[in-house]
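To start, the structure under review is shown below, and the notes come after it.
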Amino acid sequence: AITEYIKNRAFIHEDSYGQIWLLPANGRLACYNPEKHCFETAYTYNQEGKKEYYDPSFNKTGAISYLFDQQKNLWQCREKGFDKISFSNNSYHYIPSPVPNTEIRSLFIDSDQRLWVGNKNGYVEIYDSKQNYHGSLNASGHIIKNRKTVFGPRIYCFFEDKQHRIWMGSREDGLLIAEPNGEGYKLFQYTSNPGNPYGINCNAIYSICEDKQGHIWIGTYGGGLNLVEGTFPGLRFRHIGNSFPSATPQEEYLKIRNIHCTTSGIVMAGSTDGLITFSADFRSPDDIQFYYNQSTSTVSYTHLRAHET
């Protein structure tokens, strides 16, 4: 039902979250920012970026006509058609990429509530707890406040260990670990080496997870699961090439996309050919019993309906 209808006048409105909105004649729709003590222009977003919310009719008398419904939505007439505007309590923030149309591959919030963002072009950006740009990680581990700074490797996943080191899995450059060092980080890199049987066995890393027993697992796209052993920085990696006798060498199961540990201590790894599960409670990596779950042709609530997970 219509609760309010106003024609041929500008408006000022307080939404249900206490935000003040204003559309004056010959102006733009704006929202009051109490921290800056000013009105800020409202924007719409599309693939080309952000654009001021505007219509030629606003130059005449502000809003041609509008109404607010019982759900507190604004129905705004334009010169050609109308818009429905729903108000929210800042449930999300839009952060543009340093390179237009760049795919974001990884997101992570660390123990300091900073947001880490890795994109397909090799950038690693860091934002503070209020989503303000903090800086970009460069190839030397320094945080540079310049959005054109390129890290290099394309980061597909992040993980933070108990010592606040940031682990980064890359698309083709192996595992990188950033150890806190002053205002930046000291970088360590682990890549596949046929001459090292206990090195990481694949350079494409899609997921990193810690189980309830404190084991760190690395999901590679081509080498399967890698279990981290040893004391940093002298790490060793257990994988199908040197351990895990119960693991299948089937190629599809070696392409791991995601790893998660449940509260009951079961590790779940999603591969391109099904779900791998096993218990994190083991004495030796060779004792691990892996279980492979695939979809069936029969629809069932107890089976996967597609292989890729």
Side-chain angles (χ1 to χ4, degrees), residues 105-106 108 116 118 122 124 137-141 151-181 184-211 213-261 267 269-273 276 278-280 282-290 292:
R105 288 297 184 179
S106 53
F108 179 72
W116 294 68
V124 172
L137 192 68
N138 71 6
S140 299
F151 177 59
R154 297 184 291 171
I155 302 303
Y156 273 40
C157 61
F158 294 96
F159 168 77
E160 182 179 9
D161 64 22
K162 294 180 177 64
Q163 287 70 41
H164 304 296
R165 293 183 287 251
I166 302 296
W167 298 47
M168 298 176 283
S170 72
R171 178 62 182 86
E172 56 263 316
D173 294 289
L175 172 68
L176 297 105
I177 300 180
E179 182 180 43
N181 182 31
Y185 293 88
K186 183 177 181 181
L187 299 177
F188 298 81
Q189 187 172 17
Y190 302 83
T191 56
S192 177
N193 179 359
N196 181 8
Y198 284 91
I200 197 166
N201 71 341
C202 180
N203 288 331
I205 299 171
Y206 279 32
S207 186
I208 304 173
C209 173
E210 183 175 11
D211 66 29
Q213 304 300 324
H215 307 119
I216 295 178
W217 293 90
I218 296 174
T220 72
Y221 195 79
L225 291 166
N226 279 238
L227 171 63
V228 180
E229 291 186 333
T231 302
F232 179 83
L235 303 180
R236 289 161 37 105
F237 301 85
R238 294 291 195 108
H239 46 72
I240 196 170
N242 56 37
S243 302
F244 309 152
S246 75
T248 176
Q250 186 173 331
E251 181 180 355
E252 289 77 6
Y253 281 118
L254 300 180
K255 297 177 180 179
I256 306 296
R257 290 189 179 276
N258 294 284
I259 313 174
H260 174 73
C261 183
V267 180
S271 76
T272 58
D273 203 44
I276 305 168
F278 58 95
S279 172
F282 56 84
R283 291 186 178 181
S284 166
D286 290 340
D287 297 334
I288 300 174
Q289 181 62 51
F290 294 94
Y292 298 88

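Starting from 1, each residue takes its place in the sequence as its number.
In this structure, CG on N193 lies 12.0 Å from CD1 on I200, to the nearest 0.5 angstrom. Note: T220 OG1 to I256 CD1 = 7.0 Å, rounded to the nearest 0.5 Å. The SG atom of C209 sits 6.0 Å away from the CD1 atom of I259 when rounded to the nearest 0.5 Å. Distance OG/S170 to CG/L176: 5.5 Å, rounded to 0.5 Å. Here CG of N181 is found 13.0 Å from CZ of R165. Values are rounded to the nearest 0.5 Å. One finds the CD1 atom of I166 at 8.5 Å from the CZ atom of F158 (value rounded to the nearest 0.5 Å).
For the pair R236 and Y198, the cation sits on the ring face: its NZ or CZ lies under 6.0 Å from the ring centre, inside 45° of the axis.
Proximity of the aromatic rings of F159 and F108 is defined here by a centroid distance below 6.0 angstrom, and this criterion is not met. For W167 and Y185, the gap between ring centers reaches or exceeds 6.0 Å. In summary, the aromatic rings of F188 and F232 are positioned with their centroids under 6.0 Å apart.
Across every non-hydrogen atom of R105 and I155, the tightest pair is CB-O, 3.7 Å. Across N138 and L187, no two heavy atoms sit closer than the pair O-CD1, 4.2 Å. Nearest heavy atom pair, residue R257 against residue S207, reads O-CB, 3.6 Å. The two residues I205 and G174 make their nearest non-hydrogen contact at CD1-C, 3.5 Å. Across all their heavy atoms, P197 and H239 have their closest contact at O-NE2, 3.3 Å. Of all non-hydrogen atoms in L254 and P249, the two that sit nearest each other are CD1-O, 3.9 Å.
Q189 places a side-chain N or O within donor-acceptor distance of the main-chain N or O of D173, the cut-off being under 3.5 Å. A donor-acceptor pair is defined here as one N or O able to donate and one able to accept, closer than 3.5 Å; such a pair exists between the side chain of N203 and the backbone of S192. The backbone N or O of T248 lies less than 3.5 Å from a partner atom in the side chain of Y292, making a donor-acceptor pair.
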| side-chain contact (heavy atoms from CB on, under 4.5 Å) assessment of F282 paired with L227 | CA-CA 12 Å; F282 56 84; L227 171 63; 4.0 Å; yes

| task | In sequence, state the C-alpha distance, the side-chain angles, and the governing distance for K162 and E210, and then conclude on side-chain contact (heavy atoms from CB on, under 4.5 Å). | result | CA-CA 10 Å; K162 294 180 177 64; E210 183 175 11; 2.4 Å; yes

| said: For a side-chain contact (heavy atoms from CB on, under 4.5 Å) check, start with the C-alpha distance between V228 and I218, then their side-chain angles and the critical distance, and finish with the verdict. | reply: CA-CA 8 Å; V228 180; I218 296 174; 3.7 Å; yes

| Chi angles and distances behind the salt bridge (Lys or Arg N to Asp or Glu O under 4.0 Å) call for D287, R283 | CA-CA 7 Å; D287 297 334; R283 291 186 178 181; over 6 Å; no

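Taking the six-membered ring where tryptophan is involved, the planes of H215 and W217 are perpendicular, since the angle between them exceeds 60° and thus also 30°. In this pair, Y190 and F237 present their aromatic rings perpendicular. The plane angle is above 60°, beyond the 30 to 60° band. F244 and F290 have perpendicular rings, their planes meeting at more than 60° on a 0 to 90° scale where under 30° would count as parallel.
Using modelled atom types and a 3.5 Å distance limit, the side chains of D273 and Q250 yield a donor-acceptor pair. One side chain, N201 or N226, offers a donor N or O that lies under 3.5 Å from an acceptor on the other.
The side-chain heavy atoms of R238 and D286, taken from C-beta on, include a pair separated by under 4.5 Å. Using a 4.5 Å cut-off on side-chain heavy atoms (C-beta onward), E229 and P285 make contact. Looking only at side-chain heavy atoms (C-beta outward), I177 and L235 come within less than 4.5 Å of each other. Inter-residue side-chain proximity for S246 and Q289 is flagged as met; some heavy-atom pair is nearer than 4.5 Å.
Counting non-hydrogen atoms of other residues, nucleotides and ligands closer than 6.0 Å to CD of E251 gives a total of 12 or fewer.
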